[in-house]
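Read the structure below first, then the notes.
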Amino acid sequence: MAKILVNNSGPLHGEVWISGAKNAVLPLLAATILTEDSCVIEGVPDLADVTVMKQMLENYGAHIDDSEEGVIKIKTPEVISCEGDRELVQEMRASLFTMGPMLARYGKVVMPMPGGCTIGKRPIDLHLKGFRALGAEVDIDEENEVVTVTAGKDGLVGDAIYLDFPSVGATENILMAATLSKGTTIIENAAKEPEIIDLANLLNKMGARIKSAGTDMIRVEGVEKLSGCIHEAIPDRIETGTFMLAAAITRGDIMIRNAIPGHVRPIMAKLRECNVGVEVMPDGIYVDARGRDLISTDIKTLPYPGFPTDIQSPFMAFLTTVDGKSVVRETVFENRFMHVVELNRMGADIVTENREARVPGGKKLKGAKVRATDLRAGAAMVLAGLAASGTTEVSEIYHIERGYENFVGKFKALGADIMKIDHD
Ligand code: UD1
């Protein structure tokens with residue numbers, strides 16, 4: 001199994017270019033099934049999750065040309081299957097994003113239960129609530145763990161849907177399904193993440209009539225048909241946050257290019273509370289932690305525009321190294337502290353109770369053998385390894401490769417002592 005070896009690297013320094021956002025690209029790719037025309041998605045990062053999504057779409061009947069780096073051309077002239085592949089779905093929860101568009105385009109979708117990061121139960125009830133509200137019938141086969149969703153005889157029909165939690169995936173799925181529904185759909189308590197706006201922008205380019213994406217009430221006037229378009233994905237705000245923390249934890253300085261400051265406001269604010277220098281420049285975000293007395297702060301994850309749950313573990317790794325106690329509260333996912341055990345192997349001494357982690361801070365971390373327990377936790381372990389004494393060996397790095405493009409290469413270019421090894 002491949003591993004990442006990382007040694008204490010001293011202050012990282014240099015420039016990094018942020019890739020297109022994984023969490024934007026996956027739904028953008030899924031949305032292309034809504035039309036028989038050709039769609040071109042640009043700014044696509046080279047990631048394992050993107051490969052899974054391409055395979056999902058090909059199984060449905062998509063023709064994909066990805067010969068140009070960072071660009072995927074997709075055309076689905078005809079849907080040849082409405083069944084999600086179990087292995088692919090279990091590999092990646094975002095495979096679910098194909099349900100809404102398949103239902104809208106084909107009238108039916110059969111989906112095995114999803115997998116993905118092991119961060120709590122992650123039900124799909126809100127997705128299904130949305131499909132039911134649009135008049136679809138939902139049949140859950142508990143024994144075989146398969147969900148079948150079938151549109152009514154006259155297709156989907158718009159309605160008002162209230163999400164009990166502003167789920168990103170449910171908002172995206174319902175949004176895509178609603179574009180081809182009859183009449184008006186209103187999604188209340190919708191997620192407001194930048195990736196939702198990016199998806200709505202793509203759909204509107206395809207001819208959809210979506211208003212107020214990015215607010216908690218999205219309005220969709222259904223249309224009969226969507227057409228092809230060209231669209232470039234937004235930069236990855238979680239990758240941006242990860243490199244901001246790389247500068248912070250190594251007490252280095254990094255110029256982060258192709259980042260949208262408005263998408264990472266809570267991360268900038270929290271780093272500034274810790275006395276890390278964060279400057280928004282015309283061409284990027286400059287993070288400088290050199291020679292500063294850093295102090296602790298508390299973190300509470302929330303749906304956007306609150307502090308992102310995906311940056312909770314990298315931020316926690318950083319907090320272990322600054323003076324003073326911190327409390328980290330995870331409110332979005334029920335079990336997203338698996339990295340705590342791994343950070344504790346390195347001497348972090350973090351104590352968790354329910355959804356709260358108490359970080360004593362002021363630790364000199366020591367290199368250890370640790371696991372990437374999920375995608376972002378994997379990044380957190382590498383960050384911890386950069387600051388720890390000795391060597392840190394991170395296993396299960398397929399999680400990292402699911403969501404970070406050229407992870408090791410980008411860190412090396414900043415001066416990190418890091419390498420990937422393919423065998424024991
Ligand atoms: C997306 C992101 C993920 C991020 C998360 C929260 C992608 C590919 N992934 O995941 O990186 O961590 O948003 O910002 O975009 N929930 C329900 N019922 C549902 C759906 C969700 O109870 O039907 C709950 C989940 O269990 C979780 C919370 O809602 O506790 C947030 O989940 P959601 O916003 O749906 O996350 P994802 O779309 O899976």
Side-chain angles (χ1 to χ4, degrees), residues 20-31 45 47-50 52-53 56 89 91-100 111 113-133 138 140 147 149 161-177 187 189-199 216 233-234 236-242 263-264 266-267 300-315 329-339 355 374-380 399-400 402-404:
K22 169 183 90 78
N23 289 353
V25 163
L26 297 174
L28 294 177
L29 293 173
L47 302 173
D49 273 8
V50 169
V52 172
M53 181 56 85
M56 282 291 293
V89 176
E91 219 169 293
M92 184 185 76
R93 181 183 162 86
S95 310
L96 278 182
F97 298 158
T98 59
M99 289 179 83
M111 192 60 76
M113 291 293 173
C117 285
T118 43
I119 46 177
K121 269 196 241 123
R122 302 184 85 175
I124 62 165
D125 55 318
L126 299 173
H127 301 242
L128 301 180
K129 179 180 179 180
F131 298 147
R132 281 195 190 99
V138 175
I140 302 174
V147 181
V149 189
I161 300 156
Y162 175 81
L163 295 181
D164 302 274
F165 184 89
S167 154
V168 175
T171 302
E172 290 170 341
N173 241 335
I174 298 165
L175 190 58
M176 290 187 274
I187 311 173
N189 199 28
K192 296 182 280 199
E193 270 68 1
E195 293 77 17
I196 307 273
I197 302 177
D198 204 28
L199 175 62
D216 57 11
I234 54 171
D236 198 312
R237 65 195 166 95
I238 306 301
E239 190 192 15
T240 303
T242 304
H263 291 177
V264 289
I267 310 171
K300 182 179 179 185
T301 67
L302 286 168
Y304 192 87
F307 190 90
T309 172
D310 286 351
I311 288 294
Q312 182 253 103
S313 51
F315 213 104
R329 286 187 194 83
E330 174 59 58
T331 78
V332 177
F333 287 109
E334 64 173 281
N335 180 22
R336 205 168 197 183
F337 281 147
M338 295 193 357
H339 47 281
R355 290 187 173 197
D374 73 43
L375 162 56
R376 308 304 172 183
H399 284 300
I400 297 176
R402 281 188 38 218
Y404 286 95

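In this chain, numbering begins with 1 at the start of the sequence shown. Numbering of ligands and ligand atoms starts at 1, following listing order.
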Electrostatic pair R132-D125, nearest N-O below 4.0 angstrom: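 Salt bridge between R132 and D125, a charged N being under 4.0 Å from a carboxylate O: no.
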Could E195 and R237 be called an ion pair, given the rule that one side-chain N must be under 4.0 Å from one carboxylate O?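 Salt bridge: yes.
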Heavy-atom contacts with [X] under 4.0 Å: which atoms of ligand 1 show up? List them by number with element.
| X | answer |
| --- | --- |
| G169 | 35 (O), 38 (O) |
| R336 | 12 (O) |
| F165 | 28 (C), 29 (O), 31 (C) |
| V168 | 1 (C), 13 (O), 33 (P), 34 (O), 35 (O), 38 (O) |
| F97 | 8 (C) |
| D310 | 3 (C), 4 (C), 11 (O), 12 (O) |
| D125 | 17 (C), 18 (N), 19 (C), 22 (O), 23 (O) |

N or O pair under 3.5 Å between E172 and ligand 1: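 It does not: no N or O of E172 is found under 3.5 Å from an N or O of ligand 1.
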Can you confirm, on distance only, whether ligand 1 has an N/O atom lying under 3.5 Å from any N/O atom belonging to R93?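 Checking ligand 1 against R93, an N or O pair does fall under 3.5 Å apart.
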Where the closest heavy atom to [atom] is concerned, which of [options] has it?
| atom | options | result |
| --- | --- | --- |
| atom 16 (N) of ligand 1 | P303, P123, A24, A191 | P123 |
| atom 30 (O) of ligand 1 | V332, V25, N23, N335 | V332 |
| atom 14 (O) of ligand 1 | T309, I124, I311 | T309 |

Decide yes or no on salt bridge (Lys or Arg N to Asp or Glu O under 4.0 Å) for R336 and D310, but give the supporting numbers first. CA-CA 9 Å; R336 205 168 197 183; D310 286 351; 2.7 Å; yes
Can any side-chain N or O of N173 pair as donor or acceptor with the backbone N or O of H127 at less than 3.5 Å?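 Not a single qualifying donor-acceptor pair exists.
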Give a yes or no on whether the backbone of L163 and the side-chain of N189 come within a donor-acceptor separation of less than 3.5 Å.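 Yes, N189 side chain to L163 backbone: donor-acceptor pair under 3.5 Å.
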Could you give the distance from CZ (R402) to CG (D374), rounded to the nearest 0.5 Å?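 Going from the CZ atom of R402 to the CG atom of D374 covers 8.0 Å.
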Can you confirm if the NZ or CZ of R355 lies within 45° of the ring axis of F333 and under 6.0 Å from the centre of its six-membered ring?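 So R355 doesn't make the cation-pi contact.
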Is a donor from one side chain sitting under 3.5 angstrom from an acceptor on the other, for H339 and Q312?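 Judged by distance alone, the side chains do pair up.
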